[in-house]
Amino acid sequence: MQRFFVKEDAINGDTVRLEGDDARHISFSLRMKRGDRISVCAPDGSLYTCRLTAFGEGYVEAAVEERTVCDTEPPYRVRLYQALPKGDKLETIVQKAVECGVYEIVPFESRNCIAKTGNNPEKKLERLNRIAAEAAKQCGRGIQPRVLPTRSFRQMLREAGEAALPLFCYEGEGTVPLGALLKGCEREIAVVVGSEGGFTPEEVEEARTAGLRLCGLGPRILRCETAPVFVLSCLSLSRELTPHEA
C-alpha cells in the first residue's frame, strides 16, 4: 500500500486531503482511482488507512477507514549532526540514516570540511528533504524525518549539548566505547559525526567543554558515510532488537 506523509491540518475528521506533489503522484504517476487504498502518516505517529474518494484540481481526498499508531518508529529520537562531506555523500547518509531510524539530520561546517554550504543552499536542502521523504516511504517510517539548514560548528555544539545523550564520535584518545554509553535509557540522543578529515584537537576540546561525550566506535576507523549508519544500527540493536527484562 502506498504511504504518504501529511501535516496535521490535512486531516479533518474522517477526511484526508493530499495536495501538491502527493496529489500529482497519486493521480498521474500511480494512476490511482476512487476506491483505491493508501496509508497516511501524521506527525504524531498516527497511521491512517484510507480509501480514495475524490480527485480535484491539484488535490485528492480520501476517507479514513482505520486509525492506528505506527509501530515502525524507534523508542528514542536521534538527531544526527553530520559535518559536510565531499560530493554526494550527504545524500547517501540522509537516505541510510532515515532507513536506520534517525529523527532529524543537521549538516554542519567544521574546520576540516572540504565541502562548504556553497550556492543555492535552499535548493540543496529541498533535494535532501526529498531524498529523506522517499526513504521514509520506502522503509515504512511513521514520520518523515527532516533535514535542517547547515549550522556552524559552535551552533552545532550548543544544540547537540542539549540532548540527554550527546555523542561526539571520535577516533582519538579519551573516548568511552559506544556500547558503554548506550547502557542508559535516554530518549533524546544527539550523534555528531565528522567529515573525511575528522576533527581538529581544538574542536574535540570544544566539544568536551560543551558537555558532549567523546564516543569511540571500535578499533577500526570508519568513513564519514559509514559512521552514522554504524551508530544508528548499534542503537537499534541496543534499544529495539535486544529483549529486556521487565
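Numbering starts at 1 and runs along the sequence shown.
The CD1 atom of Ile26 sits 4.5 Å away from atom CD1 of Ile38, with the distance rounded to the nearest 0.5 Å. To the nearest 0.5 Å, atom CG of residue Leu90 and atom CD of residue Gln82 are 6.5 Å apart. One finds the CG atom of Leu182 at 6.5 Å from the CG atom of Leu167 (value rounded to the nearest 0.5 Å). Rounded to the nearest 0.5 angstrom, Arg158 CZ and Phe153 CZ are separated by 11.5 Å. Interatomic distance, OH of Tyr48 versus OG1 of Thr15, reported as 12.0 Å (0.5 Å rounding). In this structure, CD on Gln95 lies 10.5 Å from CD1 on Ile105, to the nearest 0.5 angstrom.
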If you apply the rule side-chain contact (heavy atoms from CB on, under 4.5 Å), what do you find for Leu47 with Ser39, and how did you get there? CA-CA 7 Å; Leu47 177 63; Ser39 64; 4.0 Å; yes
For Arg67 and Ser46, run side chain to side chain donor-acceptor pair (under 3.5 Å): C-alpha distance rounded to whole Å, both residues' side-chain angles, the deciding distance at 0.1 Å, then the answer. CA-CA 7 Å; Arg67 177 188 178 278; Ser46 297; 2.7 Å; yes
Given the rule in the side-chain contact (heavy atoms from CB on, under 4.5 Å) test, do Glu99 and Gln138 qualify, once you have shown the distances and angles that lead to the verdict? CA-CA 8 Å; Glu99 292 177 21; Gln138 183 275 325; 4.0 Å; yes
Salt bridge (charged side-chain N to carboxylate O under 4.0 Å, His left out) evaluation trace for Glu19 with Arg17: CA-CA 7 Å; Glu19 300 177 337; Arg17 185 182 178 100; 2.9 Å; yes
Just do the ring-ring contact (aromatic ring centres under 6.0 Å, His included) check on Phe168 and Phe199 with the steps written out, would you? CA-CA 10 Å; Phe168 188 87; Phe199 296 110; 4.4 Å; yes
Verdict with reasoning, Arg239 to Glu186, per side-chain contact (heavy atoms from CB on, under 4.5 Å): CA-CA 10 Å; Arg239 305 286 177 84; Glu186 289 83 358; 4.1 Å; yes
side-chain contact (heavy atoms from CB on, under 4.5 Å) between Glu171 and Leu217: does it pass, once the steps are laid out? CA-CA 7 Å; Glu171 71 279 5; Leu217 304 184; over 6 Å; no
Walk me through whether Glu206 and Arg111 qualify under salt bridge (charged side-chain N to carboxylate O under 4.0 Å, His left out). CA-CA 13 Å; Glu206 284 186 62; Arg111 291 174 196 166; 3.2 Å; yes
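When side chains are defined from C-beta on, Arg3 counts as touching Cys70, because their heavy atoms get closer than 4.5 Å. Residues Asp44 and Glu8 are in side-chain contact: their nearest non-hydrogen atoms beyond the backbone lie under 4.5 Å apart. Looking at heavy atoms from C-beta onward, Ser27 lies in side-chain contact with Val60 at the 4.5 angstrom threshold. You'll find the side chain of Glu65 stays beyond 4.5 Å of the side chain of Cys50, heavy atoms only. Contact annotation: the side chain of Thr49 approaches that of Met1 to within less than 4.5 Å [non-hydrogen atoms, C-beta and beyond]. Counting heavy atoms from C-beta outward, Lys33 and Asp36 have side chains that approach closer than 4.5 Å. Contact annotation: the side chain of Phe108 never approaches that of Leu84 to less than 4.5 Å [non-hydrogen atoms, C-beta and beyond]. Side-chain atoms of Val16 and Glu61, non-hydrogen and from C-beta on, never get closer than 4.5 Å to each other.
Under a 3.5 Å cut-off, the side chain of Glu203 and the backbone N or O of Thr200 do form a donor-acceptor pair. At least one donor-acceptor pair under 3.5 Å links the side chain of Arg51 to the backbone N or O of Gly35. Not a single donor-acceptor pair under 3.5 Å links the side chain of Glu126 to the backbone N or O of Lys123. Between the side chain of Thr72 and the backbone N or O of Gly140 there is at least one donor-acceptor pair closer than 3.5 Å. Between the side chain of Arg77 and the main chain of Tyr103, no donor-acceptor pair closer than 3.5 Å is present. Side-chain atoms of Arg220 never come within 3.5 Å of backbone atoms of Gly218 as a donor-acceptor pair (strictly under, hydrogens ignored). Under the 3.5 Å distance criterion, the side-chain polar atoms of Ser238 are left unmatched by any main-chain donor or acceptor of Cys234. Although no hydrogens or angles enter the test, the distance criterion places no donor-acceptor pair under 3.5 Å between the side chain of Asp22 and the main chain of Leu18.
Ion pairing between a basic and an acidic side chain is recognised when a charged N comes within 4.0 Å of a carboxylate O; Arg79 and Glu188 show no such pairing. Note on Glu73 versus Arg141: salt bridge recorded, some NZ/NE/NH1/NH2 to OD/OE distance being below 4.0 Å. Under a 4.0 Å N-O distance rule, the pair Glu205/Arg208 qualifies as a salt bridge. With salt bridges taken as basic N to acidic carboxylate O contacts below 4.0 Å, none links Glu196 and Arg223.
For CZ of Arg146, the number of neighbouring non-hydrogen atoms (other residues, nucleotides, ligands) closer than 6.0 Å is 12 at most. Heavy-atom contacts from other residues, nucleotides or ligands closer than 6.0 Å to CZ of Arg213 number 12 or fewer. The environment of CD in Glu173 is sparse: at most 12 heavy-atom neighbours from other residues, nucleotides or ligands sit within 6.0 Å. Around atom CG of Leu241, more than 12 heavy atoms belonging to other residues, nucleotides or ligands sit under 6.0 Å away. The number of heavy-atom neighbours closer than 6.0 Å to CZ of Arg127, taken from other residues, nucleotides and ligands shown, is 12 or below.
What you find for Ser195 and Ser110 is that their closest heavy atoms are OG-OG, 4.2 Å. Scanning both residues, Cys224 and Pro85, for their nearest heavy atoms gives SG-CB, 3.8 Å. Residues Val193 and Ala227 approach most closely at CG1-CB, 3.9 Å, considering heavy atoms. The two atoms that bring Met32 and Arg37 nearest to each other are CE-O, 3.7 Å, heavy atoms only. Nearest heavy atoms, Asn112 versus Gly198: ND2-O, 3.3 Å. Closest non-hydrogen pair, Pro145 versus Asn129, comes out as O-OD1, 4.3 Å.
Taken together through direct or relayed side-chain contacts under 4.5 Å among Ile, Leu, Val, Met, Phe, Trp and Tyr, Phe230 and Val176 form part of one hydrophobic cluster. Under the 4.5 Å side-chain contact rule for hydrophobic residues, Ile143 and Val6 do not share a cluster. Following chains of ILVMFWY side-chain contacts shorter than 4.5 Å, one can reach Leu125 starting from Val94, so the two form part of one hydrophobic cluster. The hydrophobic clustering, which links ILVMFWY residues whose side-chain heavy atoms are closer than 4.5 Å, places Ile93 and Leu235 together. A single hydrophobic cluster is not seen to contain both Val40 and Tyr59; linkage of ILVMFWY side chains at heavy-atom distances under 4.5 Å, directly or through other members, places them apart.
A side-chain contact (heavy atoms from CB on, under 4.5 Å) with Val192 is found for one member of Val106, Leu80, Leu212 and no other, namely Leu212.
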